[in-house]
Student: 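My structure is below; once you've seen it, I'll send some questions.
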Amino acid sequence: MVYKKWFRGIALIALLLLFGASFLIVTTGDSIVSKPMEVSSFSFPNDIAYSEKTDALIIADSQNHRICLLSLKTLKTTTISGITKGIDRFGFPGGGYVDGELKNAMFNRPKGIAVAESGAIIVADTGNHAIRQIYNGKVTTIAGGKTIGYKDDKGTNASFRNPSGVAIDDDGNIFVSDTLNNVIRKIDQEGNVTTYAGKQGDSSILNEPVGLAVDEKGVLYIADGGNHQIKKAISKDKVETLAGIHFIKDKESGYWAGGFINGDAKKAYFNFPKGIALKDDGTLLISDTYNHVIRAIDNTGVYTIIGAGVAGEDFDNKFISYLDGPIGITYAKETLFIADQWNNRILLIPDKGKNLVAIDKVESQEGILTFIDNKEIIFPDVQPAIIDDEIKIPIRAVGEVWGAEVHWNQDKKLVILEKGEETIELSLEASDFIVIESRTLASPETLKEKLGLDVQWIDDYNIISIQ
């Protein structure tokens, strides 16, 4: 069945940037409209899916509490459903929970979107802890929504906690990232809700999963955000790590610390990946949200295809697109579509030319990788080394990234670090450090004793982590 064509031609402001043979369309959702289906600028667009029946993108415009349609034929945007009421305590439009006709229905921070073969739109209505459906001109709740919690049952007797990702397999089963329950749920065609992967409250298997994608064989791919990993569920309760590592927890937040390393999938490093999409050739595309990039995973490993690793919205002379919190992504019609969340826009990037290939940029240096508070330290010359079975780390680079001014006293052979009102001296005579090629290197024990830094050596990955 096809959606009723009640959409009217609503003007869309779209920016078309030509880079030789390649191009990029940036849509903001700005429009001149008439009520009740008003379309204004996007506010934290969270997820997107392609609808073959309407040849359009379906967008979860999360903070506007609505579901939008962006026609790929006309580049016009309309609101499918979702009205707001009042203002919340943060000054955003207020959402709600109302089933029924499209023009009257209400959502509460919807985040996940999937489109069934029939054209039905499945919505992870995060703030209502419900899975909703838009079909035949109406919005209905198909699972959850009565209470927040964790309960396997049928339909609305089941309960979720902040579901934020959905995917549909070829048999019509709906998979849901039940994000704050740390599990993946499955809704079969009879409406039965069961736990498919993970264990409630156990972040060792899944930790705040978000994005989902399922291939033609039924393999489910998971953006396991809090674990900074990409996982796959081959069948119920059989979860494997496909890419990504974690090795230390942030002391303040209690979350695993993220990072940014390309290369071998088993040693790659992500920072809260939240979106995932599949290309026809099996390549996985990942929105590495807090690194502000799009990464790809194939049989060669992990590599960056879009973004520079820092937040932004412009484009540089190497045709690198800067992103700010990219999250929902989908791949269709040989094009990658990105919900660039904190830039409040949707990017459409054709898969041709130099668009979706590995970016020629400086990656992590070889040898021992060193991080301080989750930020990689780049050493200009002398690198960390293992000398006489003990790790030695260049002091100046660590001190400067730590935020200290570092000085060398040639007469007394002292390294002096000044941070705020504190002055710390390390002495060559006291064996606080050694000198190699005019660089001073200290052991983890010295850095801990003198500077109060917690230094850990992760042998499996050749990584030094300092906090």
Student: Keeping the roles fixed (side chain from E422, backbone from E418), state whether a donor-acceptor pair exists under 3.5 Å.
Tutor: no
Student: Between CD1 of I464 and CD1 of I386, what distance do you get to the nearest 0.5 Å?
Tutor: 8.0 Å
Student: Do other residues, nucleotides or ligands put more than 12 heavy atoms under 6.0 Å from the OH atom of Y255?
Tutor: no
Student: For F160, does the six-membered ring have the charged nitrogen or CZ of R185 within the cation-pi criterion, i.e. under 6.0 angstrom from the centroid and within 45° of the normal?
Tutor: yes
Student: Regarding D351 and K279, does a basic nitrogen lie under 4.0 Å from an acidic carboxylate oxygen?
Tutor: yes
Student: Give a yes or no answer on whether the side chain of K266 reaches the backbone of T241 with a donor-acceptor pair at less than 3.5 Å.
Tutor: yes
Student: Look at atom NZ of K85 and say whether more than 12 heavy atoms of other residues, nucleotides or ligands are closer to it than 6.0 Å.
Tutor: no
Student: Do D298 and T283 have side-chain N/O donor and acceptor atoms under 3.5 Å apart?
Tutor: no
Student: Indicate yes or no for a side-chain donor-acceptor contact from N46 to the backbone of P110 under 3.5 Å, with no hydrogens or angles considered.
Tutor: no
Student: Is there side-chain contact between F433 and L428, with heavy atoms separated by less than 4.5 Å?
Tutor: yes
Student: Would you call D454-K448 a salt bridge at under 4.0 Å N-O?
Tutor: no
Student: Hey, what do you get for CD1 (I466) to CG (L453), rounding to the nearest 0.5 Å?
Tutor: 6.5 Å
Student: How far does OG1 of T330 sit from CD1 of I346, to the nearest 0.5 angstrom?
Tutor: 11.5 Å
Student: Is the shortest heavy-atom distance from the side chain of I184 to the side chain of L220 under 4.5 Å?
Tutor: yes
Student: Compare every heavy atom of I359 with every heavy atom of G307, then report the nearest pair and how far apart it is.
Tutor: O-CD1, 3.4 Å
Student: Would you please say whether a donor-acceptor pair under 3.5 Å links the side chains of Y150 and T195?
Tutor: yes
Student: Under 6.0 Å from the six-membered ring centre of F107 and within 45° of its axis: does the NZ or CZ of R132 meet both?
Tutor: yes
Student: Could you grab the distance from atom SG of C68 to atom CG of D61, nearest 0.5 Å is fine?
Tutor: 4.5 Å
Student: For the backbone of G94 and the side chain of T84, can you confirm whether one donor and one acceptor N or O come within less than 3.5 Å of each other?
Tutor: no
Student: Is a side-chain N or O of D47 found less than 3.5 angstrom from the main chain of G112, in a donor-acceptor match?
Tutor: no
Student: Before giving the answer on ring-ring contact (aromatic ring centres under 6.0 Å, His included), spell out for F337 and Y331 the whole-Å C-alpha distance, their side-chain angles and the decisive distance to 0.1 Å.
Tutor: CA-CA 6 Å; F337 303 98; Y331 185 90; 8.3 Å; no
Student: Is the ring pair F272/Y290 parallel, tilted or perpendicular, if the boundaries are 30 and 60 degrees?
Tutor: tilted
Student: Hey, is the main chain of G144 close enough, under 3.5 Å, to the side chain of S159 for a donor-acceptor pair?
Tutor: no
Student: Does any non-hydrogen side-chain atom of V115 lie less than 4.5 Å from one of I122?
Tutor: no
Student: Got a second to check how far I416's CD1 is from H407's NE2, nearest 0.5 Å?
Tutor: 7.5 Å
Student: Which heavy atom in R109 sits nearest to a heavy atom in G127, and how many Å separate them?
Tutor: NH2-CA, 3.6 Å
Student: What are the two closest non-hydrogen atoms of K231 and S204, and how far apart are they?
Tutor: NZ-O, 4.1 Å
Student: Using every non-hydrogen atom in the two residues, find where D237 and A197 come nearest and quote the distance to one decimal.
Tutor: OD1-CA, 4.2 Å
Student: Hey, is the main chain of D411 close enough, under 3.5 Å, to the side chain of N409 for a donor-acceptor pair?
Tutor: yes
Student: Distance-only, no hydrogens or angles: does the D224 side chain make a donor-acceptor pair with backbone N or O of I230 under 3.5 Å?
Tutor: no
Student: Should the heavy atoms of other residues, nucleotides or ligands under 6.0 Å from CD of E334 be counted, would the total exceed 12?
Tutor: no
Student: Whether the side chain of S443 engages the backbone of T446 through a donor-acceptor N/O pair (distance < 3.5 Å, no angle test) should be reported.
Tutor: yes
Student: Does K236, at its NZ atom, have more than 12 non-hydrogen atoms belonging to other residues, nucleotides or ligands within less than 6.0 Å?
Tutor: yes
Student: With no hydrogens and no angle check, is any side-chain donor or acceptor of S287 less than 3.5 Å from a backbone partner on T289?
Tutor: no
Student: Going from CG on L323 to CG on N291, what distance comes out if it is rounded to the nearest 0.5 angstrom?
Tutor: 11.0 Å
Student: Given side chain to side chain donor-acceptor pair (under 3.5 Å), test T179 with S164 step by step and report yes or no.
Tutor: CA-CA 6 Å; T179 301; S164 59; 2.4 Å; yes
Student: Please examine the side chains of I434 and K392, heavy atoms only from C-beta on, and report whether any two atoms are closer than 4.5 Å.
Tutor: yes
Student: Given E400 and W402, is the side chain to side chain donor-acceptor pair (under 3.5 Å) satisfied, shown in steps?
Tutor: CA-CA 5 Å; E400 289 177 347; W402 183 47; over 6 Å; no
Student: Considering residues, nucleotides and ligands other than K419, do more than 12 of their heavy atoms fall under 6.0 Å from its NZ?
Tutor: yes
Student: What about F371 and Y269, are their ring centers closer than 6.0 Å?
Tutor: yes
Student: For atom CG of D389, decide whether the heavy atoms of other residues, nucleotides or ligands shown that lie under 6.0 angstrom number more than 12.
Tutor: no
Student: Closest heavy-atom contact between V183 and G198?
Tutor: CG1-C, 3.7 Å
Student: Do other residues, nucleotides or ligands put more than 12 heavy atoms under 6.0 Å from E216 CD?
Tutor: no
Student: I would like to know whether D125 and Y97 meet side chain to side chain donor-acceptor pair (under 3.5 Å); could you show each step before the answer?
Tutor: CA-CA 9 Å; D125 191 9; Y97 191 2; over 6 Å; no
Student: Can you check side-chain contact (heavy atoms from CB on, under 4.5 Å) on H292 and D324, steps first, answer last?
Tutor: CA-CA 5 Å; H292 311 289; D324 194 356; 3.6 Å; yes
Student: Of the non-hydrogen atoms in Y322 and D340, which two are nearest, and what is the gap between them?
Tutor: O-OD2, 4.3 Å
